[in-house]
There are 2 protein chains.
Amino acid sequence: MDFFEKTGKVALGSRLRLLTSKVTEDAAKIYELYGVAFSPKWFPVFFVLSEEGGQTITEIAEQIGHSQPSVTRITKEMIKAGLVKDNLKSTDKRRNVVGLTAKGKLLAERIKVQCADIDLAIDSIMAEATHNLWEAIAEWELLLDQKSLLKRVQEQKKIRESKEVRIVAYQPRYREAFRSLNEEWISSYFEMEEADYKALNHPREYILDKGGKIFVALYREEPVGVCALIRMNDPDYDFELAKMAVSPKAQGKNIGWLLGSRVVEAAKEMGASKIYLESNTRLKPAISLYYKLGFQKISGRPTPYKRANIQMELDLESITK
Amino acid sequence: MDFFEKTGKVALGSRLRLLTSKVTEDAAKIYELYGVAFSPKWFPVFFVLSEEGGQTITEIAEQIGHSQPSVTRITKEMIKAGLVKDNLKSTDKRRNVVGLTAKGKLLAERIKVQCADIDLAIDSIMAEATHNLWEAIAEWELLLDQKSLLKRVQEQKKIRESKEVRIVAYQPRYREAFRSLNEEWISSYFEMEEADYKALNHPREYILDKGGKIFVALYREEPVGVCALIRMNDPDYDFELAKMAVSPKAQGKNIGWLLGSRVVEAAKEMGASKIYLESNTRLKPAISLYYKLGFQKISGRPTPYKRANIQMELDLESITK
DNA sequence: ATTAATTAAATAACTGGTTATGCAAAAATA
DNA sequence: TATTTTTGCATAACCAGTTATTTAATTAAT
């Protein structure tokens, strides 16, 4: 189909559907050719029964990858055709054990020759082709099982969008964004505290003028994330990573990571040896981000924030390879 | 799926269906991921319209390989979603020219990024796989177009069944088969003539005792085809190929060819240099079989049969390489 | 200029699957 | 032991496609 050359691989689903219908259409005609009153859709159920003998509806469904109602219907049709009988011996009255009738077993034998012919016909196509469809499908099943197409697209989206994110230094025009992005998540999870108001309303006085830094993440020139590096007055730590906030609208663009790495980098540039932070274990994505950035859990420091229940540090000297 | 390792390639249709549904399922979630109110089944129609502009329902259907009613329904849904408008300018009031609305065009732009992401995601799968699914499908489309799966299976069946056919020399117990198989086709196409009755009722006297031969094709030990090599009293020809008959039930097993080749072989063994035959052009499969055996059309000989309107000969000396 | 044939699209009815729901039997739990 | 939860299946309703049929508009033929 020329059409699919134009669309590109995005239309893989449509292309697969078309090929599928072409193949099953011919399958119906093949049964006719062999004079067998058999519907292609019966095949998976019939095959399982001829190989394994008596099975329940749900067992069959699991094996062939159909839904249970689908197997129910197919067996009903085959019972009508006299190939299958149901409600075979079972102490558990919920279970419906299904098996082939004598006629069904006979057909199973007859069909074997037909299957051999089909196998050879498909092999002849494979021999003419340079790409092996059967193996390719098997691989896709495996690869999609490991990581779904959705997940893979999600990753591509993240990669692309993180390229569109720029991390810039704080400027007065971002003051409102710095405040509101932080207030948004703090007040939704906890309560704004005195220390929050001070830093958020007066970033210049409380952060920048004391030798700290603030970084802003821009996505399409809009500020969608912020993070501060606050100078600490402490013998153990040079800086605190704090006031990190990413807009929920901009989630999944790797912004936390980009901001965090930039803050760490800035600390390094200013010759810091240790960075401190405090957070709350309810904020799971944040905590796992801190771990990814190299922070380690510590304990025992006093803190002005009620919400802090976890403290972490990053030892810059130990990670410098 | 382990199941398909057991079934073998016969279950290709089922396996394709399963993969197809897995892919389209994820496609729906991908649109959701990008915040687009769009159904995967719309894609082919939408794509055509965004590339080609205004098109009629049937034109679209042809391009994307769907049925016309399918396109009718899909466009209706897209009209409802405000992406498409129909009944655009056309002098021919039967035609329904469909095109994208402003909203549709906007979406077409937005969707491009998404398509690029999907393309990359699929490429990432391809990179992990050793067999290229996309190319494999393209090849199958082409190969099935050249010769359908049905046709290929038919060929395999013929090959297998012709191996189960044995050509044996005439014996008295085949007299009835020799007579009835011939009478069956002669009386259905033409009328039995005096010469027919003689040869069919008394094969020994009229054929064998005069130095001719009769061969019988057995399929599962049943006589299903016959052919005679009759000694001629003629300076030009040593033998006549005649009384070839194959049961309609046993058609498509290459029996005609097997009988014909055996008769020619027997003539050679007896040192013949030319074989003659006469037939009727209404019997097209027979005529084409004679050509395949190497016979050439000739003309001008007298014949005792009313139904004969074509005469052929095989020059054994010219074909002996 | 009628009439017949063809074409385009809508509609109806079917197909082979799905998910959602309900019900009875069995197993687990209080 | 009585009650709750779980299990297995049937049934209903839906979905994305199909083929067959109908209707209307146009073109071809008499």
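Hydrogens, waters and symmetry mates play no part in the numbers below; they use all other heavy atoms, side chains included. Everything numeric in this text was worked out from a predicted model, so none of it was measured.
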**Q** Between B:Lys76 and C:dA9, does any side-chain N or O lie under 4.0 Å from OP1 or OP2?
**A** no
**Q** Please state how far atom CD in B:Glu77 lies from atom P in C:dA10, giving the value in whole angstrom units.
**A** 14 Å
**Q** Ignoring hydrogens and angles, tell me if any N or O in the side chain of B:Asp86 forms a donor-acceptor pair with the backbone of B:Asn96 under 3.5 Å.
**A** no
**Q** Can you check the B:Lys93 NZ to D:dT27 P distance for me, whole Å?
**A** 12 Å
**Q** Residues two or more places apart in sequence or in another chain: which of them pass side chain to side chain donor-acceptor pair (under 3.5 Å) with B:Asp119?
**A** none
**Q** Nearest to the side chain of B:Asp92 - D:dG17, D:dA25, D:dT11?
**A** D:dA25
**Q** Using a heavy-atom distance cut-off of less than 4.0 Å, which residues of residues 68-75 of chain A contact DNA chain D?
**A** A:Gln68, A:Pro69, A:Thr72
**Q** Can you pull the side-chain hydrogen bond (donor to acceptor under 3.5 Å, both in side chains) pairs that have at least one residue in residues 34-49 of chain B, sequence neighbours excluded?
**A** B:Tyr34-B:Asp117, B:Lys41-B:Glu77, B:Trp42-B:Glu77
**Q** Hey, is the side chain of B:Arg95 poking within less than 4.0 Å of OP1 or OP2 on D:dA25, counting only N and O atoms?
**A** no
**Q** With the side chain of B:Asn96 defined as its heavy atoms from C-beta on, choose the nearest nucleotide among D:dA10, C:dT19, C:dA10.
**A** C:dA10
**Q** Among residues at least two apart in sequence or on other chains, which ones pass salt bridge (Lys or Arg N to Asp or Glu O under 4.0 Å) with A:Glu52?
**A** B:Lys6
**Q** Whole angstrom is fine here: how far is it from CG in B:Asp86 over to C1' in C:dA9?
**A** 11 Å
**Q** Looking at residues at least two apart in the chain, or sitting in another chain, which of them share a side chain to side chain donor-acceptor pair (under 3.5 Å) with A:Gln156?
**A** none
**Q** Quick check on D:dT18: is either OP1 or OP2 less than 4.0 Å from any side-chain nitrogen or oxygen of B:Ser67?
**A** yes
**Q** Counting the benzene-type ring for Trp, do A:Phe43 and A:Phe38 have ring centres under 6.0 Å apart?
**A** no
**Q** What residue among A:Lys253, A:Arg160, A:Lys147 forms salt bridge (charged side-chain N to carboxylate O under 4.0 Å, His left out) with A:Glu155?
**A** A:Lys147
**Q** Starting at CZ of B:Phe38 and ending at P of D:dA16, how long is that distance when rounded to a whole Å?
**A** 13 Å
**Q** Return yes if a side-chain donor-acceptor contact under 3.5 Å exists between B:Gln55 and B:Gln63, otherwise no.
**A** yes
**Q** Whole angstrom is fine here: how far is it from CZ in B:Arg94 over to P in C:dT7?
**A** 9 Å
**Q** Residues of residues 39-60 of chain B with any non-hydrogen atom less than 4.0 angstrom from an atom of DNA chain C: list those, numerically ordered, please.
**A** B:Thr56, B:Ile57, B:Thr58
**Q** Starting at atom NZ of B:Lys22, determine the distance to atom C1' of C:dG17, rounded to an integer number of angstrom.
**A** 17 Å
**Q** Check whether the side chains of A:His66 and A:Arg73 place a donor and an acceptor atom closer than 3.5 Å, and report yes or no.
**A** no
**Q** Can you measure B:Glu25 atom CD to C:dG17 atom P for me and round it to whole angstrom units?
**A** 15 Å
